[in-house]
Structure formats: structure tokens, C-alpha cells
Amino acid sequence: AQSVTQLDSQVPVFEEAPVELRCNYSSSVSVYLFWYVQYPNQGLQLLLKYLSGSTLVKGINGFEAEFNKSQTSFHLRKPSVHISDTAEYFCAVTLGANAGGTSYGKLTFGQGTILTVHP
Amino acid sequence: EAGVAQSPRYKIIEKRQSVAFWCNPISGHATLYWYQQILGQGPKLLIQFQNNGVVDDSQLPKDRFSAERLKGVDSTLKIQPAKLEDSAVYLCASSKQGNTIYFGEGSWLTVV
């Protein structure tokens with residue numbers, strides 16, 4: 001079974017500063033990795049996903065993440081944050097197709113990281 | 001394109017009562033999921049449907065939770081009888097087979 005650990009429960013930063021939200025996963029087989037964002041009282045929105053190929057993936061709203069197989073990590077970064085980035089961020093994993101995965105929706109989520117951007 | 005619709009958005013019930021949540025997926029999406037998100041935790045998959053058949057319900061507490069997807073479109077999730085620990089947000093999501101999933105805004109349940 002897969003598992004996800006988000007290393008920081010809360011990350012406070014000032015506006016226009018860079019930010020990194022850390023995510024480590026555990027799996028003995030190939031996986032697909034995702035980052036979702038959840039704004040207050042809303043559902044989850046996909047930021048980006050890693051399926052295969054380039055280990056640096058770019059997503060919406062200026063976010064990017066790097067897949068590191070040797071360190072089993074998938075950290076999310078943004079070079080300059082805005083007040084509007086304040087939200088909760090979830091890292092998630094699912095079985096890759098090579099491991100028999102058939103759906104991107106059967107996700108195992110981390111505990112979430114609350115990003116608070118201060119003016 | 002309309003998103004995943006869920007209702008009601010908010011519900012407060014007493015323990016041992018019953019509650020039902022409704023989900024209408026994005027048109028053409030054959031796969032439908034129900035997730036439970038307890039405050040302070042990430043979402044946990046309860047059940048996955050492919051058209052009107054159940055693909056995975058291994059984490060659904062079947063003694064009190066039930067779900068159906070008649071005609072392979074809308075779905076309902078029912079809890080009977082509710083317990084205090086069922087207080088959570090119930091998220092519905094849908095996807096075309098083997099593709100990115102889209103979440104609804106969730107149904108917030110408080111059991112008192």
C-alpha cells in the first residue's frame with residue numbers, strides 16, 4: 001500500500017517570498033503523484049501531477065513540483081507567493097499504470113499543509 | 001462545462017439519525033468517487049463506482065454507510081445511524097476512465 005507524509009502542517013510566509021511544501025511518499029511500486037489545493041469551504045482543485053517523463057512538472061498558478069525517486073519526494077514550490085495562495089495543500093499518490101493502477105482517482109492523501117501568506 | 005454538483009452543502013443531525021447526500025457528476029464521466037474528509041486530515045476514499053457498478057468499497061463502513069449509483073449517473077451516499085465520528089466533509093468526485101478527477105465542493109456533516 002502507498003502512503004504520503006506531508007512534513008509541515010502549517011507554513012507561514014510573507015507575500016512575494018518563495019515557498020516549498022514538502023511531501024514524501026512510500027511505495028514499493030511505481031506511482032503517480034499529485035498536488036491539490038483546497039480553498040476555504042471549497043472542494044479540491046488539481047494543481048499539478050507527475051505521471052512519467054520529466055521530473056519537473058509545472059502546474060497552475062505558478063506552482064511547480066519535482067519528483068525525486070531516490071528520495072521518494074515530490075515537493076511543491078512557488079518562487080513568489082501571493083495573498084490569494086493562502087489555502088490548504090494536499091499531496092496525493094496512486095498506483096502507476098505499470099503497477100496495475102487503472103484510475104487516477106483512487107488517491108491516498110497526505111494530512112495537508114496550511115499555507116498562510118501574510119502581507 | 002458544469003462541475004460536480006453536491007447537495008446539501010451543510011447538514012446538522014443528531015447521533016443515531018440518518019442522512020443522505022446527493023452527487024451529480026460531470027456529464028460523460030463514467031467513474032464516480034465518494035471521499036470522507038475529517039477535519040485536520042486528508043480525504044479518504046470511501047467508494048468508487050464505474051458506471052453503476054462498485055469498483056472498490058473496501059473502506060466503506062458497511063454497517064452504517066451505503067451508496068448507490070442508479071443508471072450510472074447520479075449517486076447518493078447514506079449514513080444510518082450516524083455517529084459523532086461521522087462528522088466530516090463528504091466529497092464527491094468524477095472522471096472519465098483513467099483520467100484526472102474533478103471534485104465537488106463537498107457536503108459538510110455535523111453530528112451532535
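Each chain gets a letter, A, B and so on, in the order its sequence line appears, and its residues count up from 1. Quick caveat, the model's predicted, so the values are computed rather than measured.
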Step by step, work out the side-chain contact (heavy atoms from CB on, under 4.5 Å) result for A:Leu107 and B:Ile101. CA-CA 10 Å; A:Leu107 299 166; B:Ile101 70 170; 3.8 Å; yes
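Hydrophobic clustering of Ile, Leu, Val, Met, Phe, Trp and Tyr side chains at less than 4.5 Å, counting indirect connections, unites B:Leu84 with B:Ile79. By the rule that hydrophobic residues join a cluster once side-chain heavy atoms approach within less than 4.5 Å of another member, B:Leu60 and B:Leu109 end up as members of one cluster. Cluster annotation: A:Ile114 and A:Tyr36 are assigned to distinct hydrophobic clusters (Ile/Leu/Val/Met/Phe/Trp/Tyr, side-chain heavy-atom contacts under 4.5 Å, transitive). Residue B:Tyr102 is not grouped with residue B:Trp34 when hydrophobic side chains (ILVMFWY) are merged at heavy-atom distances under 4.5 angstrom, including chains of intermediate members.
Here NZ of A:Lys49 is found 2.5 Å from OG1 of B:Thr100. Values are rounded to the nearest 0.5 Å. Within the model, atoms CG of A:Asn41 and OH of B:Tyr10 stand 4.0 Å from one another, a figure rounded to the nearest 0.5 Å. Taking CG of A:Leu44 as the start and CD of B:Glu105 as the end, the distance is 11.5 Å to the nearest 0.5 Å.
Of the atoms belonging to B:Gln6, not a single heavy atom falls under 4.5 Å from chain A. Residue A:Gln38 touches chain B through its side chain alone, counting heavy-atom pairs closer than 4.5 Å.
Taking a 6.0 Å sphere around NZ of B:Lys62, one finds it holds more than 12 heavy atoms contributed by other residues, nucleotides or ligands. Dense packing is recorded around CD1 of A:Ile60, with more than 12 heavy atoms of other residues, nucleotides or ligands lying under 6.0 Å away. Within a 6.0 Å sphere centred on CD1 of A:Ile83, heavy atoms belonging to other residues, nucleotides or ligands number more than 12.
Across all their heavy atoms, A:Lys106 and B:Tyr33 have their closest contact at N-CE2, 3.9 Å. Counting all heavy atoms, side chain and backbone alike, B:Leu91 lies closest to A:Gly43 at CD2-CA, 4.3 Å.
Of the listed residues (B:Gln37, B:Arg9, B:Gln50), the greatest number of heavy-atom pairs within a distance under 4.5 Å of chain A belongs to B:Gln37. For the set B:Cys92, B:Gly106, B:Pro43, the count of heavy-atom pairs under 4.5 angstrom toward chain A peaks at B:Pro43.
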